Number of protein chains: 2
Amino acid sequence: MTTIQPRTLKTRARLIEAATDIVAESSFTELRVEEVVRRAGVAKGTFFAHFKDKDALLDRMIGQIIDQHLDQISGQDTPKTIDEILDTLTPLMRFMGSERTVFDVILRYSGAASVEEIGPIAATFERFIHVLADWFVDGPFRQDADPATLAEGVQAFVFQALALNFCALNNHRPVRDRLRPYLELWLNPAKTLDPQG
Amino acid sequence: MTTIQPRTLKTRARLIEAATDIVAESSFTELRVEEVVRRAGVAKGTFFAHFKDKDALLDRMIGQIIDQHLDQISGQDTPKTIDEILDTLTPLMRFMGSERTVFDVILRYSGAASVEEIGPIAATFERFIHVLADWFVDGPFRQDADPATLAEGVQAFVFQALALNFCALNNHRPVRDRLRPYLELWLNPAKTLDPQG
DNA sequence: CGAGAAAAATGACCGTGGTCAATTATGGAG
DNA sequence: CTCCATAATTGACCACGGTCATTTTTCTCG
């Protein structure tokens with residue numbers, strides 16, 4: 001039988017605290033496993049006894065932050081316009097795009113790796129889809145589509161807008177402005193043949 | 001003045017050939033710089049004199065393959081239905097989703113890093129957008145939107161469908177089937193209020 | 001051809017994530 | 001309290017991408 005000793009939790013907490021401190025002082029990009037274990041006062045091997053790899057730690061830390069953003073988002077009034085949606089999503093998007101490292105980890109783990117071990121980030125994105133889908137049920141947005149599918153589409157566009165933001169070619173434009181045209185076409189009841197080039 | 005010696009091209013060709021052989025024998029995932037230089041008969045430092053980093057080599061190799069797919073795609077008849085679009089895109093999508101490594105590199109480099117040095121993959125995705133946009137000018141698809149924006153949306157959905165495909169949770173469904181519902185909502189003139197749950 | 005400048009190649013070295021056989025600490029049974 | 005199975009920890013070691021001062025090759029010019 002696999003009993004977990006109290007010290008396990010203590011060590012893990014120390015590792016997470018050390019990592020959190022490092023990120024607060026510098027960034028996710030600068031995070032080094034060796035620095036984490038140095039601060040936590042444990043050997044390197046101990047880290048990997050607690051986390052499958054470095055990404056598992058990042059998954060957990062980033063997942064927690066996204067979850068806090070979702071708390072914020074779902075605590076607000078249901079947005080009724082594209083602009084309100086953009087307002088609501090902006091803080092989360094700002095975090096997702098704050099570092100290339102963060103965005104990369106989110107991209108890789110936003111889908112669940114397997115049924116049994118769905119990671120923190122994957123879990124938050126399931127939640128994200130639910131929160132969005134709720135907005136689209138009986139909302140002022142198009143009603144000819146499954147709300148969950150609409151929500152997945154919004155997620156795709158959020159990723160697209162953020163990805164473009166990391167290109168020097170494009171990053172003069174705020175993410176928000178890049179996302180809007182997609183959402184207008186995706187969420188609005190279709191306009192009838194606008195005469196436009 | 002910076003003259004390029006003939007042997008430069010020769011060495012670079014040997015490096016690329018070695019890398020291509022390795023990928024043919026195993027995969028992009030298994031590619032090791034040390035093995036490339038061993039087969040090419042040069043020192044490790046030489047590799048990095050020719051390529052900024054390992055990703056630059058992958059960018060080039062993968063970009064070339066995508067370009068071949070685009071040749072194929074643009075040589076075909078313009079697709080007139082969602083299903084024809086899916087048929088046309090399937091080979092390219094199969095390659096993009098063939099290895100996690102490949103998909104990751106494509107994601108990271110599908111946007112241009114800077115104006116001066118737009119990489120091979122970024123270039124092919126500009127081309128991809130143009131090819132798609134051409135389908136949407138005067139096509140049977142929705143006409144109330146800028147064709148280039150529609151094309152960018154399709155790209156976002158292709159990435160989304162592929163990303164989901166790497167989740168054990170979802171990979172029982174062919175990418176094609178995952179992409180279809182998005183494209184139907186994105187490209188078709190909006191239906192008027194279908195009664196559907 | 002010979003000399004010297006520039007281009008190319010070299011390989012020892014480093015940073016950092018990750019492994020694993022060996023060691024130590026823990027807690028329950030007798 | 002002692003013993004011991006096993007949980008937890010350790011740190012030397014490896015893999016692999018990437019660097020850079022030094023050496024070798026090539027090209028040009030007189």
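None of the values given here were measured: they were computed from a predicted structure.
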Residues that [X] engages under salt bridge (Lys or Arg N to Asp or Glu O under 4.0 Å), provided they are two or more places apart:
| X | result |
| --- | --- |
| Arg180(A) | Asp83(A), Asp177(A) |
| Asp138(A) | none |
| Asp87(A) | Arg176(A) |
| Asp134(A) | none |

Among residues at least two apart in sequence or on other chains, which ones pass side chain to side chain contact (heavy atoms under 4.5 Å, CB included) with [X]?
| X | result |
| --- | --- |
| Ala43(A) | Thr46(A) |
| Leu183(B) | Ile82(B), Ile85(B), Leu86(B), Val154(B), Phe157(B), Leu179(B), Leu187(B) |
| Ala122(A) | Ala112(A), Ile118(A) |
| Phe166(B) | Arg100(B), Phe103(B) |

Which donor-acceptor pairs under 3.5 Å do the side chains of residues 72-79 of chain A make with protein atoms, sequence neighbours left out?
{"unit_1": "Ser74(A)", "atom_1": "OG", "unit_2": "Leu70(A)", "atom_2": "O", "d": "2.9"}
{"unit_1": "Ser74(A)", "atom_1": "OG", "unit_2": "Asp71(A)", "atom_2": "O", "d": "3.4"}

Rounded to the Å, how far apart are [X] [atom1] and [N] [atom2]?
| X | N | atom1 | atom2 | answer |
| --- | --- | --- | --- | --- |
| Glu34(A) | dA12(D) | CD | C1' | 13 Å |
| Arg38(B) | dC16(D) | CZ | P | 13 Å |
| Leu57(B) | dG17(D) | CG | P | 11 Å |

Counting only heavy atoms and a strict 4.0 angstrom limit, can you tell me which residues of [range] come near DNA chain D?
| range | answer |
| --- | --- |
| residues 41-55 of chain B | Lys44(B), Gly45(B), Phe48(B), Asp53(B), Lys54(B) |
| residues 5-15 of chain B | Gln5(B), Pro6(B), Arg7(B) |
| residues 20-32 of chain B | Leu31(B), Arg32(B) |

Parallel, tilted or perpendicular: ring planes of Phe51(B) versus Phe47(B), cut at 30 and 60 degrees =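 Answer is tilted, since the angle falls between 30° and 60°.
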